[in-house]
Amino acid sequence: MKPINEVLKESLFFFKTNLRSICAVVLPVIIPLEIFYGICDALYQKGDDSILWLSSGVGLLLMPVYQGALILSLASVLTDEYLPVKTCYQRALKYWLPLMAVYILSSLAIATGFLLLIIPGLMVMGRLAFAEFYCLLHNKSGYEALWDSWQNSRKEQWQLLGGLILIPVAIVIPLLLLESFLNLLGLAGPVFTFVSGILSSIGFTLSTVFVFRMYTLDPERYSAQAAPEDNQGLIE
């Protein structure tokens with residue numbers, strides 16, 4: 001098993017090398033979504049508390065679409081297929097329901113783990129990290145994807161957890177420090193919130209790249225035997 005620092009270096013190299021294609025996949029959804037969030041925040045400041053539910057709901061509904069498209073794009077890069085953005089979204093839409101099930105069920109499982117104790121919640125987070133890849137690349141239902149991830153991530157769970165914590169922290173802390181500095185100067189505002197939201201969304205895709213790299217380290221897991229027909233060529 002590779003040390004986590006090597007996997008992080010490989011993930012960062014892949015991220016930087018393919019940043020343009022990653023942005024091409026996520027920005028068509030992220031930019032309108034951040035604009036929508038800004039409008040919702042303005043309405044919330046005026047006292048409309050219900051708008052928070054609307055913004056959260058829209059974000060949740062769109063997550064399987066752009067996250068699925070991102071994963072399909074990453075997989076196609078490894079096989080030199082380089083799927084067009086439109087194709088990635090078309091294929092991701094077919095998996096909207098099972099991916100939504102993955103995200104909802106995994107969130108509930110992680111939250112339950114945290115309610116019990118912090119360590120069980122962290123363990124569940126690591127063990128379910130592969131679920132979306134099983135769903136998209138092996139045509140699994142939401143439950144099957146979660147089960148396969150749980151069964152096949154035991155040896156990597158703490159490495160996965162380490163990357164899933166380290167990467168967001170490394171992205172969020174600089175943005176928070178910059179926001180604090182701009183607040184002192186009186187320059188922070190909606191524009192900064194919009195830009196930082198886009199930058200953090202792009203940065204968080206590094207977490208997906210990292211988990212995908214961990215996923216592909218096992219040749220038995222990353223095989224074409226269970227791939228659906230419309231995903232043939234995405235998996236080695």
Side-chain angles (χ1 to χ4, degrees), residues 4 7-41 55-56 58-78 81-93 95-96 99-100 102-103 106-107 125 129-130 132-133 136 160-182 187-216 234:
I4 186 173
V7 180
L8 286 169
K9 287 180 181 178
E10 293 173 355
S11 301
L12 183 58
F13 176 79
F14 183 93
F15 175 79
K16 292 189 295 184
T17 303
N18 297 280
L19 181 58
R20 181 177 297 182
S21 60
I22 289 172
C23 289
V25 172
V26 300
L27 287 182
V29 174
I30 293 300
I31 291 177
L33 192 58
E34 287 297 329
I35 294 173
F36 177 71
Y37 286 158
I39 295 172
C40 289
D41 184 63
S55 62
S56 299
V58 171
L60 179 62
L61 290 173
L62 290 178
M63 185 178 177
V65 181
Y66 67 82
Q67 184 69 4
L70 174 63
I71 292 172
L72 292 174
S73 177
L74 297 178
S76 72
V77 170
L78 293 188
E81 190 175 0
Y82 295 95
L83 290 175
V85 173
K86 181 180 178 181
T87 302
C88 292
Y89 273 99
Q90 287 174 336
R91 294 185 179 183
L93 283 172
Y95 293 91
W96 183 89
L99 273 179
M100 178 62 75
V102 165
Y103 296 138
S106 61
S107 297
M125 185 187 299
F130 291 149
E132 55 189 351
F133 300 103
L136 280 165
L160 286 165
L161 181 60
L164 289 173
I165 292 175
L166 180 61
I167 292 172
V169 167
I171 293 167
V172 169
I173 288 181
L175 289 175
L176 290 177
L177 292 175
L178 179 59
E179 182 179 16
S180 298
F181 177 70
L182 292 177
L187 299 176
V191 174
F192 173 78
T193 301
F194 172 73
V195 173
S196 65
I198 292 176
L199 291 177
S200 61
S201 296
I202 294 172
F204 288 153
T205 62
L206 179 56
S207 296
T208 303
V209 173
F210 168 75
V211 177
F212 187 48
R213 178 56 185 146
M214 293 291 299
Y215 178 80
T216 59
L234 293 182

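Both backbone and side-chain heavy atoms feed into the values below; hydrogens, waters and symmetry mates do not. As the structure is a prediction and not an experimental result, all values here were calculated from the model.
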Inset, instruction - Indicate yes or no: at least one non-hydrogen side-chain atom of Ile35 is less than 4.5 angstrom from one of Phe194. - result: yes
Inset, instruction - Work out which heavy atom in Cys40 is nearest to a heavy atom in Ser55; give both atom names and the distance. - result: SG-CB, 3.8 Å
Inset, instruction - Report the distance from atom OG1 of Thr17 to atom CD1 of Ile22, rounding to the nearest 0.5 Å. - result: 9.0 Å
Inset, instruction - Check whether any side-chain N or O of Ser200 sits under 3.5 Å from a backbone N or O of Ser196 as a donor-acceptor pair, and report yes or no. - result: yes
Legend entry - Side chains of Glu132 and Leu99 in contact at under 4.5 Å (non-hydrogen atoms): yes
Legend entry - Flag side-chain contact, heavy atom, 4.5 Å: Thr205 against Tyr66: no
Inset, instruction - Without swapping roles, check the side chain of Thr193 against the backbone of Gly189 for a donor-acceptor pair under 3.5 Å. - result: yes
Legend entry - Enclosure of Phe204 CZ (heavy-atom neighbours >12, cutoff 6.0 Å): yes
Inset, instruction - Considering non-hydrogen atoms only, spot the tightest contact between Val211 and Phe130 and give its length. - result: O-CE2, 3.6 Å
Legend entry - Residues which pass salt bridge (charged side-chain N to carboxylate O under 4.0 Å, His left out) with Glu179, listed by chain and number, not counting sequence neighbours: none
Legend entry - Evaluation steps, side-chain contact (heavy atoms from CB on, under 4.5 Å), between Tyr82 and Ser21: CA-CA 9 Å; Tyr82 295 95; Ser21 60; over 6 Å; no
Inset, instruction - Please examine the side chains of Ile4 and Leu166, heavy atoms only from C-beta on, and report whether any two atoms are closer than 4.5 Å. - result: no
Legend entry - Euclidean distance, Ile30 CD1 relative to Ser201 OG, rounded to 0.5 Å: 4.0 Å
Legend entry - Nearest-0.5 Å distance, CE of residue Met63 to CG of residue Leu33: 11.5 Å
Legend entry - Min side-chain heavy-atom separation Leu60-Met100 under 4.5 Å: yes
Legend entry - Backbone N/O of Leu61 and side chain of Trp96: donor-acceptor pair under 3.5 Å: yes
Legend entry - Tyr89 (side chain) donor-acceptor with Gly68 (main chain) under 3.5 angstrom: no
Legend entry - Any side-chain heavy-atom pair of Ile173 and Leu177 under 4.5 Å: yes
Legend entry - Parallel, tilted or perpendicular: rings of Phe212 and Phe133 (30°, 60°): parallel
Inset, instruction - Could you tell me whether the side chain of Leu27 reaches within less than 4.5 Å of the side chain of Ile202, counting heavy atoms only? - result: yes
Legend entry - Heavy-atom pair of closest approach, residues Ala129 and Leu160: CB-CD1, 4.2 Å
Inset, instruction - For Phe13 and Lys9, run side-chain contact (heavy atoms from CB on, under 4.5 Å): C-alpha distance rounded to whole Å, both residues' side-chain angles, the deciding distance at 0.1 Å, then the answer. - result: CA-CA 6 Å; Phe13 176 79; Lys9 287 180 181 178; over 6 Å; no
Inset, instruction - State whether the side chain of Asp41 and the backbone N or O of Tyr37 hold a donor-acceptor pair below 3.5 Å, judged by distance alone. - result: no
Inset, instruction - Determine whether Arg91 and Leu83 make a side-chain contact, defined as any pair of heavy atoms from C-beta on separated by less than 4.5 Å. - result: yes
Legend entry - Euclidean distance, Ser73 OG relative to Glu81 CD, rounded to 0.5 Å: 10.5 Å
Inset, instruction - Hey, could you give me the CD1/CG distance between Ile167 and Leu8, rounded to the nearest 0.5 Å? - result: 5.5 Å
Legend entry - Test log, rule side-chain contact (heavy atoms from CB on, under 4.5 Å), inputs Leu178 and Phe192: CA-CA 10 Å; Leu178 179 59; Phe192 173 78; 3.7 Å; yes
Inset, instruction - Please collect all salt bridge (Lys or Arg N to Asp or Glu O under 4.0 Å) contacts where either partner lies in residues 188-216, sequence neighbours excluded, each pair once. - result: Glu10-Arg213
Inset, instruction - Rounded to the nearest 0.5 Å, what's the gap from CG on Leu70 to CD on Gln67? Could you check? - result: 5.5 Å
